[in-house]
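Read the structure below first, then the notes.
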Amino acid sequence: MDRNLALVLGGGGAAGNAWEIGVVAGLAEAGFDLTREADLMIGTSAGATSAAQLRSGVPVSDLLASALAPPPSQASSPTPAAGETRPPALPLPEIVARMRAISEAAASADDIARGMGEFGLAADAVIGAGAALRRATVAARFTGDDWPDRPTMITAVDAHTGEFTVFDGTDDTGLVDAVTASCALPGLVPTHVIGGRHYIDGGVRSSENADLAAGYDVVVILAPLSGRPEDADPGRGFEGLRRSRAWGTELSGQVDALREAGSRVELVVPDASARAAMGANMMNPAARAPAARAGYDQGRREATRFRPACP
């Protein structure tokens with residue numbers, strides 16, 4: 001297997017996914033096509049969706065066009081179960097408060113992972129009825145359940161133990177289940193069951209998990225959640241979740257370790273225009289189109305520093 005270039009796609013809600021698609025499309029337009037050049041793709045949370053989409057064989061220009069389209073109407077969304085008008089949900093302030101309490105009580109990243117797993121399992125008593133609808137929503141984003149024919153890693157965390165898990169198509173886990181697990185943010189959506197085990201968002205361990213790219217000559221990291229101002233309002237929407245999670249493994253340490261081991265690392269974070277387009281609530285589907293457009297523009301501007309990285 002070639003180990004020339006790894007593409008790491010971090011979490012960041014609907015806006016983060018759209019921004020990543022936009023950046024890749026912009027880079028491709030400028031002559032650096034990561035869908036072709038990446039020997040490995042690593043996806044976490046929204047980045048897992050991006051990885052599956054970018055590995056699907058669908059032209060990135062078509063993926064961009066989809067991201068730029070208006071959000072689907074409720075009529076075109078997966079049908080809820082009989083008598084269910086919308087998926088059950090916990091109040092966002094309650095989710096943020098619980099995540100903050102878990103982070104403050106933790107003495108290590110492992111403590112956070114276990115605490116978040118416990119929270120996810122407990123929250124299933126309220127929101128677990130929406131699990132089937134959640135999987136259907138994820139499945140609607142792809143053309144099938146088959147794993148790509150090129151190396152792809154999708155991250156998740158075992159809710160029972162807090163153990164970090166990487167799905168890569170080498171077992172019986174389908175792509176849709178792997179991505180659904182990686183996007184299962186505790187309290188917000190149900191845990192996802194695979195083989196009798198419940199899984200939660202891979203971002204509980206790290207929003208990028210870039211250390212999985214160790215050994216690759218060039219590592220390109222798209223990190224929607226990095227580069228945001230420190231004074232961003234921690235009580236608003238996704239920003240409240242992001243700041244309360246105390247993300248386990250910090251990206252800066254991962255980047256330093258990769259560089260010390262000899263990898264060339266190119267880190268792309270949203271610029272000021274992209275941050276404004278994403279807004280504070282990065283889970284808002286209405287943020288997809290402006291985030292994708294801003295990502296595309298940023299990708300075209302960033303292209304000059306990537307051309308020398310092309311093997």
Side-chain angles (χ1 to χ4, degrees), residues 8-13 40-52 90 95 98-103 105-135 137-139 145 147 151-214 225 241-242 244-251 253-254:
V8 177
L9 297 153
L40 170 68
M41 287 193 189
I42 299 165
T44 294
S45 195
T49 299
S50 301
L90 292 174
I95 297 173
R98 181 62 186 272
M99 290 183 174
R100 182 176 294 115
I102 291 169
S103 298
S108 67
D110 289 341
D111 287 346
I112 292 176
R114 286 189 291 268
M116 294 286 277
E118 292 172 0
F119 175 37
L121 292 169
D124 279 352
V126 177
I127 65 175
L133 181 58
R134 177 63 181 172
R135 186 187 187 281
T137 299
V138 173
D145 196 27
W147 279 84
T152 306
M153 295 180 177
I154 304 297
T155 69
V157 169
D158 187 312
H160 304 278
T161 64
E163 181 180 1
F164 183 54
T165 303
V166 178
F167 298 107
D168 59 7
T170 57
D171 62 12
D172 294 334
T173 303
L175 180 64
V176 170
D177 283 314
V179 174
T180 306
S182 189
C183 295
L185 183 61
L188 192 69
V189 298
T191 63
H192 189 64
V193 181
I194 300 175
R197 306 291 296 180
H198 292 247
Y199 291 91
I200 58 173
D201 197 310
V204 167
R205 190 249 187 183
S206 161
S207 56
E208 293 84 18
N209 293 297
D211 53 320
L212 294 176
L225 291 171
L241 295 176
R242 184 180 76 90
S244 297
R245 286 169 67 172
W247 306 82
T249 304
E250 294 298 327
L251 178 59
Q254 296 174 17

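If you're wondering where the values come from, they're calculated on a predicted model, not measured in any experiment.
Looking only at distances, a side-chain donor or acceptor of Ser103 sits under 3.5 Å from a matching main-chain atom of Met99. Listed for the Asp211 side chain is no donor-acceptor partner under 3.5 Å among the backbone atoms of Gln254.
Considering only residues two or more places apart in sequence or on other chains, Arg98 meets the salt bridge (Lys or Arg N to Asp or Glu O under 4.0 Å) condition with none of them. Partners of Ser182 by side-chain hydrogen bond (donor to acceptor under 3.5 Å, both in side chains), not counting sequence neighbours: none found. Under the salt bridge (Lys or Arg N to Asp or Glu O under 4.0 Å) criterion, Asp111 pairs with Arg114, not counting sequence neighbours. The salt bridge (Lys or Arg N to Asp or Glu O under 4.0 Å) check on Asp177 picks up Arg135, with sequence neighbours excluded. Listed by chain and number, the residues in a side-chain hydrogen bond (donor to acceptor under 3.5 Å, both in side chains) with Asp168 are Thr170 (sequence neighbours excluded). Here Val126 pairs with Leu90 under the side-chain contact (heavy atoms from CB on, under 4.5 Å) rule; sequence neighbours left out. Scored by the side-chain hydrogen bond (donor to acceptor under 3.5 Å, both in side chains) test, Thr173 finds Asp171 as partners (sequence neighbours excluded). Taking the side-chain hydrogen bond (donor to acceptor under 3.5 Å, both in side chains) definition, one finds that Thr152 meets it with Arg55, sequence neighbours left out.
Looking at every heavy atom in both residues, Ala46 comes nearest to Cys183 through N-SG, 4.2 Å. Across all their heavy atoms, Asn209 and Thr155 have their closest contact at ND2-OG1, 3.4 Å. Minimum heavy-atom separation, Ala178 to Ile194: N-CD1, 4.3 Å. Looking at every heavy atom in both residues, Val189 comes nearest to Ala184 through CG2-CA, 3.4 Å. Of all heavy-atom pairs spanning Ser207 and Leu225, the tightest one is CB-CD1, 3.9 Å. Closest approach of Gly43 to Ala51, counting heavy atoms only: CA-CB, 4.2 Å.
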Inset, instruction - Start with the C-alpha gap between Thr180 and Arg134, add the side-chain angles, then the distance that decides, and say whether side chain to side chain contact (heavy atoms under 4.5 Å, CB included) holds. - result: CA-CA 8 Å; Thr180 306; Arg134 177 63 181 172; 4.3 Å; yes

Legend entry - Derivation of the side chain to side chain contact (heavy atoms under 4.5 Å, CB included) call for Phe119 and Val204: CA-CA 12 Å; Phe119 175 37; Val204 167; over 6 Å; no

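The CG atom of Leu175 sits 6.5 Å away from the CD1 atom of Ile154 when rounded to the nearest 0.5 Å. Here CG of Leu188 is found 12.5 Å from CD1 of Ile200. Values are rounded to the nearest 0.5 Å. Interatomic distance, Asp201 CG to Ser45 OG, rounded to the nearest 0.5 Å: 3.5 Å. Distance CE/Met153 to CG/Leu9: 13.5 Å, rounded to 0.5 Å. With rounding to the nearest 0.5 Å, the separation of CZ in Arg205 from CG in Asp110 is 9.5 Å.
With hydrogens and angles left out, the side-chain atoms of Thr44 and Glu208 include no donor and acceptor closer than 3.5 Å.
In this structure, the side chains of His160 and Leu121 come closer than 4.5 Å at one or more pairs of heavy atoms.
The list of ring-ring contact (aromatic ring centres under 6.0 Å, His included) pairs with a residue in residues 161-193, not counting sequence neighbours, reads Phe167-Tyr199. Judged as a salt bridge (Lys or Arg N to Asp or Glu O under 4.0 Å), the pairs with a partner in residues 183-200 (not counting sequence neighbours) are, in order, Asp158-Arg197.
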